[in-house]
**Q** 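A single structure is presented below for examination.
Letters A, B, ... mirror the listed sequences (proteins, then strands); counts begin at 1.
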Amino acid sequence: MTAYLFLLPALVLLATFTFYPVIFGTALSLFEYNVISPPRFVGAANFRQMVADRYFWIALGNSVKYLAVVPVLQGCAILLALWVHRSARGIGWLRAAYYLPVVTSIVVVGIVWRWLYDDAGLINFVLLRLGLARGPIHWLASPGVALYAVMFVTLWKGLGYYMAIYLVGLEAIPPGYAEAAAIDGAGALQRLWRVTLPLLRPSILLAATLPATYTMFYYMFDQAFGALHMGYAAALGVVLAVVTIGLSIASFRLLREGGLSYY
Amino acid sequence: MRSGNPRLRQVAAAAQYAGLGVLAVGTTFPFVWLFATSLRSTGTVVSFPPVLIPHPPTLANYAGVWATMPLARFFANTVYITGVGILLTVVVSAMAGYPLARMRFPGRDVIFYAIVGSLMLPQHVGLILNFVTLMRLHMVDTYAAVYLPSAASVFGIFLLRQAYLTIPAEIEDAARIDGAGEFRLWGQIMLPLVAPALATLAIIEFSGYWNSFLWPLIVLKSPEKFPLAVGLLYLSGLFAYNTRYIAAGAVLMTLPTIAVFLALQRYFLRGITIGAVK
């Protein structure tokens with residue numbers, strides 16, 4: 001009995017703000033609902049509307065393109081973790097420096113990078129001075145560049161977080177493994193590829209399940225709270241969830257199949 | 001480890017350090033630049049050439065932004081939301097993690113897997129309904145609407161469960177022999193033993209609550225209840241021309257998180273460690 005008392009606050013909160021909204025939100029995708037009048041059942045109409053919605057496809061396309069940042073981010077984070085996985089003077093400060101963007105508000109990050117990317121901003125200034133660009137690059141205004149510019153900020157903000165995850169993974173690997181491989185004549189690159197990376201795989205799995213699909217996410221928010229198309233937004237959310245979960249499963253399988261199998 | 005020319009090795013080590021140093025400049029430079037901008041007396045942030053050392057430095061932007069915006073109010077709101085949010089999350093997690101780790105009761109595994117499995121649910125869909133729920137409860141535009149939906153943290157419950165699991169059974173047995181009841185055992189014996197995990201959770205939740213922005217923007221309507229993050233966004237729209245003011249506001253918002261992080265960085269990394277244990 002006491003056990004349930006201990007669990008009560010958590011279960012009430014989770015039921016109200018996690019389980020209930022997810023279940024009914026999924027159901028809401030079959031309704032038309034604008035908060036003011038009661039929900040009206042419309043069947044698959046929201047999903048049919050989505051197929052015809054140009055902005056849905058743009059948002060989905062950008063989300064999928066944006067996901068390309070995930071493997072890049074993971075690769076960079078692993079390299080960085082390998083690099084700072086040493087005891088040397090000042091290494092703690094370096095790690096802290098890489099982690100700083102992680103604890104910074106997204107609002108502040110947005111403000112600073114918008115200035116950095118400005119036509120008259122620092123990045124363009126440096127590029128022009130070095131003669132690498134003929135005129136200012138419209139980082140955030142030109143459609144072909146903007147997504148990559150935003151992806152770079154994601155990389156900048158997330159690098160420290162994933163570095164920390166991989167660092168923890170690296171610290172859990174007994175040094176004997178790499179030493180044994182070295183005695184057997186494995187070179188540095190071989191040790192990395194055949195010993196360290198396979199042993200890091202649980203950490204990679206952990207990190208790869210957190211893909212970011214912001215463009216879809218913001219479109220959904222805009223529909224829900226800007227246009228008050230709650231049912232349509234719920235349908236967008238369901239598709240977003242299916243895409244996210246699908247890609248997570250795909251990355252799981254990819255990682256499990258490529259490499260050793262003792263996990 | 002490797003044999004080879006010692007001179008070459010020194011050069012390689014120096015090159016590695018240089019690379020790490022350049023990267024550190026890359027991750028910290030925007031903060032330095034933001035700070036420099038906030039101390040400038042003239043011009044805008046987007047000026048040719050960029051100014052890194054303002055002369056003379058001035059605190060006028062801080063005074064100015066403090067006078068034009070209810071920053072003290074935003075600051076107090078943020079402190080309140082963050083404080084209550086952390087307290088609730090820590091208490092709820094400390095309670096829920098305990099029976100999941102150390103008690104036997106029907107449905108324990110089902111409850112545990114339901115809690116952990118909720119991470120796989122389409123959370124974004126939930127956000128829409130949470131707004132409707134809070135509206136029905138007449139809680140839109142209250143502070144509670146900001147922190148209540150995230151008060152039960154799956155990560156927190158998991159973290160605390162792991163911490164309780166590491167406590168040796170002998171300690172529990174000894175306390176029971178001394179006649180301690182279940183609540184006394186928890187409050188007086190177990191809680192102090194998981195204090196490091198509680199601290200870790202509190203610190204991780206700190207930056208989450210302090211920086212939370214999208215959700216407060218949705219559920220708060222009156223500006224006098226805005227936290228700093230929302231206020232800052234408002235500020236950047238209002239003073240788009242006065243980037244020095246915005247920079248000052250951004251510095252004021254960022255300083256507490258950087259201070260907390262630098263003071264307690266050991267705990268940050270440990271939180272991720274425990275979170276990473278599958």
Side-chain angles (χ1 to χ4, degrees), chain A residues 2-4 6-7 9-10 13-14 16-22 24-26 28 35 83-84 94 96-101 103-108 111-113 115-116 118 120-122 125 156 159-160 164-165 168-169 182 188 202-203 206 217 220 224-225 230 233-234 237-238 240-241 245, chain B residues 1 16 20 23-24 27-28 30-31 33-34 45-50 92 95-96 98-99 103 105 111 115 118 120-126 128-133 148-149 151-152 157 182 207 211 213 218 229 232-233 236 243 246 250 253-254 257-258 261-262 265 268-269 272-273 276 278:
Chain A
T2 14
Y4 299 111
F6 274 110
L7 279 164
L13 284 166
L14 284 172
T16 315
F17 294 111
T18 304
F19 293 110
Y20 161 78
V22 168
F24 277 80
T26 308
L28 192 64
V35 191
W83 233 5
V84 297
L94 284 171
Y98 306 143
Y99 202 80
L100 215 49
V103 294
T104 307
S105 158
I106 190 75
V107 178
V108 173
I111 289 171
V112 172
W113 279 93
W115 289 341
L116 283 168
D118 195 278
L122 198 63
F125 172 79
W156 178 80
L159 188 64
I165 287 186
V168 167
S203 309
L206 177 84
F217 187 59
M220 187 193 91
F225 302 110
M230 294 283 178
V238 169
L240 174 60
I245 293 168
Chain B
M1 214 151 62
Q16 284 199 355
L20 289 173
L23 199 60
T27 54
T28 51
F31 297 100
W33 187 49
L34 187 72
V45 68
V46 284
S47 58
F48 265 52
V92 168
M95 287 178 72
Y98 179 59
M103 287 187 194
F105 55 94
I111 292 174
I115 290 174
S118 74
M120 286 298 285
L121 292 174
Q123 307 276 349
H124 309 317
V125 185
I128 301 171
L129 259 275
N130 277 348
F131 181 77
V132 178
T133 305
L148 265 190
I157 295 169
E182 202 62 65
S207 58
N211 292 333
F213 138 75
I218 289 166
L232 193 62
L233 193 79
S236 73
T243 46
I246 301 170
M253 155 137 210
T254 311
T257 44
I258 292 184
F261 168 63
L262 288 182
Q265 43 162 313
F268 268 89
L269 295 181
I272 295 167
T273 322
K278 282 235 153 175

**Q** First locate atom OG1 of Thr133(B), then atom CZ of Phe17(A), and finally report the distance between them rounded to the nearest 0.5 Å.
**A**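 Result: 6.5 Å between the selected atoms.
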**Q** Nearest 0.5 Å, please: how far is CG in Leu7(A) from CD1 in Ile157(B)?
**A**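 Spacing of CD1 (Ile157(B)) from CG (Leu7(A)) equals 8.0 Å.
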**Q** Please report the shortest heavy-atom distance between Phe213(B) and Ile106(A), naming the atom on each side.
**A**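 Smallest heavy-atom distance, with atoms named: CD2-CG2, 3.7 Å.
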**Q** Could you tell me which portion of Leu100(A) (side chain, backbone, both or neither) has an atom closer than 4.5 angstrom to a non-hydrogen atom of chain B?
**A**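 Backbone plus side chain of Leu100(A), per the 4.5 Å heavy-atom cut-off to chain B.
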**Q** State, yes or no, whether a side-chain contact exists between Trp33(B) and Leu116(A) at a heavy-atom distance under 4.5 Å.
**A**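 They are in contact (side-chain heavy atoms under 4.5 Å apart), so the answer is yes.
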**Q** Picking from Leu159(A), Val84(A), Val107(A), which has the most non-hydrogen pairs under 4.5 angstrom with chain B?
**A**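 Heavy-atom pair counts peak at Val107(A).
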**Q** So which residue, Leu233(B), Val92(B), Leu20(B), Thr254(B), ends up with the most heavy-atom pairs under 4.5 Å with chain A?
**A**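 Counting heavy-atom pairs under 4.5 Å, the top option is Leu20(B).
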**Q** How far apart are the closest heavy atoms of Ala234(A) and Ile128(B), and which atoms are they?
**A**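 The pair with the smallest heavy-atom distance is N-CD1, 3.7 Å.
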**Q** When you measure from the side chain of Asn211(B) to the backbone N and O of Val103(A), does any donor-acceptor pair fall under 3.5 Å?
**A**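 Checked: pair present.
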**Q** By a 4.5 Å heavy-atom criterion (distance strictly below it), what part of Leu23(B) contacts chain A: side chain, backbone, both, or neither?
**A**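 The answer is both parts of Leu23(B).
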**Q** Measure Phe225(A) against the heavy atoms of chain B and call it side chain, backbone, both or neither at under 4.5 Å.
**A**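 The side chain, not the backbone.
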**Q** Specify which of Ala96(A), Ala224(A), Pro9(A), Ala233(A) makes the most heavy-atom pairs with chain B at under 4.5 Å.
**A**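 Heavy-atom pairs under 4.5 Å are most numerous for Ala96(A).
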**Q** Between chain A and each of Ile218(B), Leu148(B), Leu232(B), Thr28(B), count heavy-atom pairs under 4.5 Å; write down the option with the most.
**A**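 Option with the top pair count is Ile218(B).
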**Q** Based on non-hydrogen pairs under 4.5 Å, which of Ala3(A), Gly25(A), Ala10(A) is most in contact with chain B?
**A**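 Most heavy-atom pairs under 4.5 Å with chain B: Ala3(A).
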**Q** Would you indicate whether Phe19(A), at its atom CZ, is surrounded by more than 12 heavy atoms from other residues, nucleotides or ligands within a distance under 6.0 Å?
**A**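 More than 12 heavy atoms, drawn from other residues, nucleotides or ligands, come within 6.0 Å of this atom.
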**Q** Classify the ring geometry of Phe261(B) against Tyr99(A): parallel below 30°, tilted from 30° to 60°, perpendicular beyond 60°.
**A**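 It falls in the parallel class, under 30°.
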**Q** Could you walk me through whether Trp115(A) and Leu34(B) pass side-chain contact (heavy atoms from CB on, under 4.5 Å), step by step?
**A** CA-CA 10 Å; Trp115(A) 289 341; Leu34(B) 187 72; 3.7 Å; yes
**Q** With rounding to the nearest 0.5 angstrom, report the CG to OG1 distance, Asn130(B) to Thr16(A).
**A**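 That separation rounds to 9.0 Å.
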**Q** Give a yes or no answer on whether the side chain of Thr257(B) reaches the backbone of Thr104(A) with a donor-acceptor pair at less than 3.5 Å.
**A**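 No, Thr257(B) side chain to Thr104(A) backbone: no donor-acceptor pair under 3.5 Å.
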**Q** Distance from Phe6(A) atom CZ to Glu182(B) atom CD, nearest 0.5 Å?
**A**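 The CD atom of Glu182(B) is 6.0 Å from CZ of Phe6(A), to the nearest 0.5 Å.
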